[in-house]
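Here's the structure, in structure tokens; my notes come after.
Just so you know, ligand 1 is whichever comes first in the structure, and atom 1 is the first atom listed for that ligand.
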Amino acid sequence: MNDIKKSNSKEIGEKIEIFVNPTWVSDDFIVDFVKKCFEVPKKQGITFSACKIDSDFVKKIMANGAVVVAQIGPDVVACSLIDFQRCGFLFSKNRMYISIDCVDPVFTGMGISSKLTSFVLEMAKEKHCSYAYISTALNSDININRNLKNGFYRWRINSYSGTSYYSILFRKNFYNDKFYRLWHLFRYKYSYCWCRMCKRPDGSHTMIGVVVEKPLLFVRSAILSALKRICHAKKT
Ligand SMILES: CC(C)(COP(=O)(O)OP(=O)(O)OC[C@H]1O[C@@H](n2cnc3c(N)ncnc32)[C@H](O)[C@@H]1OP(=O)(O)O)[C@@H](O)C(=O)NCCC(=O)NCCS
């Protein structure tokens, strides 16, 4: 993924250029840029996990996905860190995870993140992904509005250690999805109740979670790692 892409669009977008894995932007610059952008929600009381980003994380993203930056002239005004993952039955399909995306606080509210998101969604289609997904905090209205506006729908709720909020996962399919949308509507509501029953916002298990969810998660991860081993053995 070392190809460099470039895209021009209209309005402010006329000044914006988008690059994939630009060689002139260092890992450390991306780390500092992301931290600067995420200071804004942090001051408003939401410390996203992106605040803990380091250069190893950026390297990992580069190896398996891409760092996509939006520039006005030489200045980076936004970036998106995307990850390509295997998914589906026997991991036969691809999906894209928008792991981190942010806009320089000076340039927010100008439609820049919408442009960057539609750019990375096009990348996902080119990579034959079945769907893209993105997560945010359940109490981040800006991001919930933004994801819905970008055509994502509510998919699941989870709670991860290292954060102090319930995470809401949004998904956007690249195939005819009438049936899946209905199924996921049910799944969202079900996961909402399940997660709040079994986990606290900091990812720790409640008493019910310890008794019910922990053993189920253990069985699930054992099955998944067995499947992964089988798939790996088939490939080699
Ligand atoms: C969230 C963020 C990426 C939005 O970037 P942006 O370029 O300002 O967003 P856009 O101008 O493209 O707006 C897209 C939509 O987001 C929502 N939105 C953006 N700013 C908003 C605000 N201040 N209040 C409410 N909704 C807002 C709106 O639905 C907006 O659509 P609209 O302009 O048609 O109403 C940016 O504010 C940011 O980087 N925040 C800090 C980091 C962060 O929260 N990243 C995402 C973590 S999940």
With side-chain hydrogen bond (donor to acceptor under 3.5 Å, both in side chains) as the test, would you mind laying out the steps for Asp202 and Tyr160 before giving the verdict?
CA-CA 6 Å; Asp202 65 0; Tyr160 303 104; over 6 Å; no
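- The side-chain tip of Arg171 points at the ring of Tyr131 from less than 6.0 angstrom away and within 45° of straight on.
- By the side chain to side chain donor-acceptor pair (under 3.5 Å) test, Asn150 is found to be paired with no residue, residues two or more places apart in sequence or in another chain being considered.
- Under the side chain to side chain donor-acceptor pair (under 3.5 Å) criterion, the residue pairs touching residues 44-63 are Asp27-Lys59, with sequence neighbours excluded.
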Cut-off 3.5 Å, no hydrogens considered: what does the side-chain donor-acceptor table look like for residues 31-41, sequence neighbours left out?
{"unit_1": "Lys36", "atom_1": "NZ", "unit_2": "Asp104", "atom_2": "OD2", "d": "3.0"}

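- Listed as neighbours of ligand 1 are Cys37, Phe38, Pro41, Phe48, Asp101, Cys102, Val103, Thr108, Gly109, Met110, Gly111, Ile112, Ser113, Ser114, Ser135, Thr136, Ile142, Asn143, Asn145, Arg146, Lys149, each bearing a heavy atom under 4.0 Å from the ligand.
- Inter-residue side-chain proximity for Phe84 and Asn94 is flagged as unmet; no heavy-atom pair is nearer than 4.5 Å.
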